[in-house]
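The structure appears right after this line, and notes come after that.
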Protein chains: 2
Amino acid sequence: MLYADFMSSTLPPFPTPQEPVEEKPVLLELGTGTDESGLRADAARNRARLLDAAARLVAEHGAAGVTMEAVAAAAQVGKGTVFRRFGDRTGLLTALLDHSERKFQASFLSGPAPLGPGAPPVDRLRAFGCAALRRAADDLELQLAAEPCPDRRFVLPPRQLRYRHVVMLLRQAVPDADCELLAQTLMSYLEPALIFHLTRQCHMPMERLQAGWYDLVARVTGTAGPC
Amino acid sequence: MLYADFMSSTLPPFPTPQEPVEEKPVLLELGTGTDESGLRADAARNRARLLDAAARLVAEHGAAGVTMEAVAAAAQVGKGTVFRRFGDRTGLLTALLDHSERKFQASFLSGPAPLGPGAPPVDRLRAFGCAALRRAADDLELQLAAEPCPDRRFVLPPRQLRYRHVVMLLRQAVPDADCELLAQTLMSYLEPALIFHLTRQCHMPMERLQAGWYDLVARVTGTAGPC
DNA sequence: TTACGATCCGGACCGAGGTCCGTTTAATTT
DNA sequence: AAATTAAACGGACCTCGGTCCGGATCGTAA
């Protein structure tokens, strides 16, 4: 199934008021070039300036300082341009995370085992969680700020990609289970908001979260335990 | 540990600009009377009118129609009053859900088994999930609209109460596990945003979600399975 | 080089959440 | 009943996300 088919058959029609022009990919598409493909020269230039300005603002004032107007001003660009390019604030923040997300995607899609192909599914699952935890822990603030409203949270390409990956691994590990639901459960453990709560508000060390992931994978897949 | 102690030791200092006056409870406190206790007569009256107006707006225009100004106008009250009373939009929406939430709390704290005390922990856990799923399914829209920003999501009294309940049950069922983390995992399965995605966007029937909960509880507690 | 159409730009504009502070009012004390 | 004070009130005001559309700009074709 093509990506577009999958999305359009899954999503109800979203009435996007001022259709953003790109930012649909975020799905790993090796070899097709950068995000600026198909953009007019000035548009590509402005896009780069905007991302640059946004990153600068994050570095200086944190994610909260990333105001659409501030970004526009810092990039010496009109406000409307920001929205045309990225759709909304969430889109801009997501674009900032896009680079590292793609690296992560590449590593579990085609990187070295055990994260990538080659290892047994349970091992890959364990590795996946660790990598996801690490990724969530770095720039947690940005991830939180980029969290979309509830009704889009589960249908964004990066999430869908991760989800399908986990479903695939689960199908291999526990063929008779409801792998869709189990996958959602596992993914929830890696949710930035939860990581934030556990580490920043409950002061749990990352080692504990990681051990918790191993334990969870073991319980869900029926591995190990006093059997 | 007192509730206030728990919260203040858990939370970083939140700079609440215009301190809301109540809405701290939401924690079941049998016998202390309604929410209007300690409020000045006019304040209590306005609170009631506001909740009434808000409920009317929800019924007429959905949760999206609940504008702070609209509520204020419909209750014939100043806008500032709404914020003074409920803190923010989330607080108002939460207050709308408070009644049913308390009923739910009462049912698992002191209602009849297996949801209430008396049944084995795993049975209580199963019943808890079913009740929570049902509750999330009713007025899903309101629950989504009432979702707080990520850094408060896990520290609100209702959530904490549910969480501690699940932790307690887990400690009885699997004493040697990291019950805090397992509890968070189980709770994530009941998150309104996820329920919304699965039922409304993936069109799963509730029966499947319920079966998924039973299965999840079984796996997490090590119950059943081909042992 | 010119002409043309699609794309992009920019900033005025709007709505909604949230804040501030001078004024009013309910409870309490004398 | 008058005085006092803490609490509540209300709406002007601010910020920020998001929209709109007339005008500028780019790419292209003649």
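Sequence lines set the chain letters: A, B, ... in the order given, protein chains first and strands last, and positions in each chain run from 1.
- Summary of the strand contacts: B/Met68 and A/Asp42 both lie near DNA chain C, and taking for each the nucleotide with the nearest heavy atom, the more 5' one is attributed to A/Asp42.
- Comparing C/dG17, D/dG18, C/dG10 by their closest approach to the side chain of A/Asp88 singles out D/dG18.
- The separation between A/Arg47 atom CZ and C/dT7 atom C1' is 17 Å, rounded to whole Å.
- Summarising the geometry, the separation between CZ on A/Arg45 and P on D/dG27 is reported as 10 Å, rounded to the nearest angstrom.
- Remark on DNA chain C: of its neighbouring residues B/Ala41 and A/Ala43, the 5'-side contact belongs to A/Ala43, judged by nearest-heavy-atom nucleotide.
- Between A/Arg162 and A/Glu101, at least one side-chain N (NZ, or NE/NH1/NH2) sits under 4.0 Å from a carboxylate O, which counts as a salt bridge.
- The separation between B/Gln76 atom CD and D/dG10 atom C1' is 14 Å, rounded to whole Å.
- When the nucleotides D/dG10, D/dG17, C/dG18 are ranked by their closest atom to the side chain of B/Arg89, C/dG18 comes out on top.
- A tilted orientation is assigned to the rings of B/Trp213 and B/Tyr189, their planes being inclined by 30° to 60°.
- Considering only side-chain N and O atoms, B/Arg85 lies under 4.0 angstrom from the phosphate OP1 or OP2 of D/dC9.
- One interatomic measurement links the two molecules: CG of B/Leu92 to C1' of C/dG18, which rounds to 14 Å at whole-angstrom precision.
- Between A/Gln143 and A/Arg135, some side-chain heavy-atom pair lies under the 4.5 Å cut-off.
- Distances shorter than 4.0 Å separate none of the side-chain N or O atoms of B/Thr81 from OP1 or OP2 on D/dA8.
- Here the P atom of nucleotide C/dC8 and the CG atom of A/Leu50 are 13 Å apart, to the nearest Å.
- Here the P atom of nucleotide C/dC14 and the NZ atom of A/Lys79 are 13 Å apart, to the nearest Å.
- Atom CD of B/Glu60 has more than 12 neighbouring heavy atoms from other residues, nucleotides or ligands inside a 6.0 Å radius.
- At a cut-off of 3.5 angstrom, counting only N and O atoms as typed in the model, there is a donor on one side and an acceptor on the other between the side-chain of B/Arg40 and the base of D/dA7.
- Note on A/Asn46: every side-chain N or O is 4.0 Å or more away from OP1 and OP2 of C/dC8.
- The pair A/Glu191-B/Arg153 does not meet the salt-bridge criterion, since no charged nitrogen lies less than 4.0 angstrom from a carboxylate oxygen.
- Rounded to an integer number of Å, the gap from CZ of A/Phe86 to C1' of C/dC9 is 15 Å.
- Atom pair B/Arg84:CZ and D/dC9:C1' shows a separation of 8 Å (rounding to whole Å applied).
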